[in-house]
Amino acid sequence: MPNVQSLRCKECGRDYPLEPIYVCDFCFGPLEVAYDYDAAEKNMSRESIQDGPLTIWRYDQLLPVGRENAVDIGAGMTPLLKADNLGKELGLNNLWIKNDAANPTHSFKDRVVSVAATKALEFEFDTIACASTGNLAGATAAHGAKAGLKTIVFLPADLERAKILGAAIFGSVVLVNGNYDDVNRLCSELGDDRRWAFVNINMRPYYSEGSKSLSFEIAEQLGWRAPEHIIVPVASGSLFTKVHKGLNEFARLGIIDGADTKMHIAQPFGCSPVATAFIDGQAHPKPVIPDTIAKSLAIGSPADGFYSVGIANKTGGSATIVPESEVAEGMQLLAETEGIFTETAGGVVISALRSLAREGVIGPDEETVALITGTGLKTLEAIADSIETKTIDPTVRSFDEIVTGAAVS
Ligand SMILES: *Cc1c(COP(=O)(O)O)cnc(C)c1O
Ligand SMILES: [Zn+2]
């Protein structure tokens, strides 16, 4: 069994039992899983990790539930790729892409839901649900199917088709006329009198721990060290804070020598409350009404925004607001240089990386990891108008007329 101690309030430090709860009764602060790190130090080492399965479950000593009954469709151990072509383009000699589009439902959300679904079974819920900006719906529905749970996922109605159908194939999808913040509010109300496991509401303390596996893997794949920079796409800020927590835990356990990683926030112009707060020197992001092409990042009222700003400050990181027109550019640049087709959130990350390299925030030789969190096949709408294809008759003449002619001209 892992080394879990309690749920602990991030604000006042009060401890709570390990139940499906998520806010502190005293101060309304968010609850987070606390571990016994002395115990973890004894039963977790580089060797024990390497002996584990090739999934997020190799790190279960620092997850809130053990691997024995894991709801496992293969989340994790995605490739960390040296990005020399993109690096050359940007003047970065030590650039890596962590490609989480390679997860089973093609986004990093498989990591968080694998943990949340496992806890949902342990708590004996019979229904798993979520409020989603898109990718979470597919991950929740797929893990719900594998776990034999009833599934119901809630999405803003204006989402990309592939995200809706990619979830509906596994379970029930409800489209809500409203934005993510409306969906989230509705789900909180629904959760009040239904015994459902909402992965990102009442299961949120467990769910969010799954994101740490991203930084555990990066450290392991770099040969047991933390990089100098990580660029993270931010929606609620959960991924951002947990990537940082994971590195610190590895350092605390002596699995890596230290963690001085600078944490960089990337958000699109049409939904940038966290980046704006950082740039303006404010601790608390001001809620916004999202209007962005990067729908997976469209959370106007980010639950972990305050903590994300704090971490970016404390680590000497930064925040970049990417113009909407540069989101598709970032997608295109990664595709052309590295052969990776990312979704809009990845376009935001690559465009932010380009700015950070230009401005010298990231030096040419500094080891840098850019997080690619989802696949472009789910957000075809974003590039459909800018990509050209040619159609010919099945004759050489037609080929010469339309393709060769065009290529020469
Ligand atoms: C959910 C999501 C994120 C980040 O989400 P947080 O709420 O900040 O944890 C980033 N990229 C993609 C593709 C996502 O689906
Ligand atoms: Zn509290």
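Atoms within each ligand, like the ligands themselves, are counted from 1 in listed order. Owing to the predicted nature of the structure, the values given are computational and were not obtained by experimental measurement.
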Asp257 atom CG, over 12 foreign heavy atoms within 6.0 Å: no
Exceeds 12 heavy-atom contacts within 6.0 angstrom, atom OH of Tyr35: yes
Test salt bridge (charged side-chain N to carboxylate O under 4.0 Å, His left out) applied to Asp126 - qualifying residues, sequence neighbours left out: Lys150
Donor + acceptor pair across side chains of Lys295, Thr133 (<3.5 Å):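 Checked: Lys295/Thr133 side chains show no N/O donor-acceptor pair below 3.5 Å.
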Donor-acceptor contact below 3.5 Å, side chain Asn85 vs main chain Thr337: yes
Closer than 2.8 Å to the Zn ion (ligand 2) - protein N, O or S atoms, ordered by chain and residue number: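 Protein N, O or S atoms closer than 2.8 Å to the Zn ion (ligand 2): Cys9 SG, Cys12 SG, Cys24 SG, Cys27 SG.
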Pairing of Lys245 and Glu209 as salt bridge, 4.0 angstrom limit: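 Between Glu209 and Lys245 there is a salt bridge, with a charged N closer than 4.0 Å to a carboxylate O.
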Thr379 side, atom OG1; Glu343 side, atom CD - distance, nearest 0.5 Å: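 These two atoms lie 5.5 Å from each other.
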Which N/O atoms of ligand 1 sit under 3.5 Å from a protein N/O, and at what distances?
{"unit_1": "ligand 1", "atom_1": "7 (O)", "unit_2": "Ser236", "atom_2": "N", "d": "2.8"}
{"unit_1": "ligand 1", "atom_1": "7 (O)", "unit_2": "Ser236", "atom_2": "OG", "d": "2.6"}
{"unit_1": "ligand 1", "atom_1": "8 (O)", "unit_2": "Ala235", "atom_2": "N", "d": "2.9"}
{"unit_1": "ligand 1", "atom_1": "8 (O)", "unit_2": "Ser236", "atom_2": "N", "d": "3.1"}
{"unit_1": "ligand 1", "atom_1": "8 (O)", "unit_2": "Gly237", "atom_2": "N", "d": "2.9"}
{"unit_1": "ligand 1", "atom_1": "9 (O)", "unit_2": "Leu239", "atom_2": "N", "d": "2.9"}
{"unit_1": "ligand 1", "atom_1": "11 (N)", "unit_2": "Thr373", "atom_2": "OG1", "d": "2.7"}
{"unit_1": "ligand 1", "atom_1": "15 (O)", "unit_2": "Lys109", "atom_2": "NZ", "d": "2.7"}
{"unit_1": "ligand 1", "atom_1": "15 (O)", "unit_2": "Asn135", "atom_2": "ND2", "d": "2.9"}

Pairs flagged by side-chain hydrogen bond (donor to acceptor under 3.5 Å, both in side chains) wherever residues 345-355 is involved - sequence neighbours left out: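 Qualifying pairs, neighbours excluded: Glu329-Arg354.
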Tyr206 ring center near Phe123 ring center (under 6.0 Å): yes
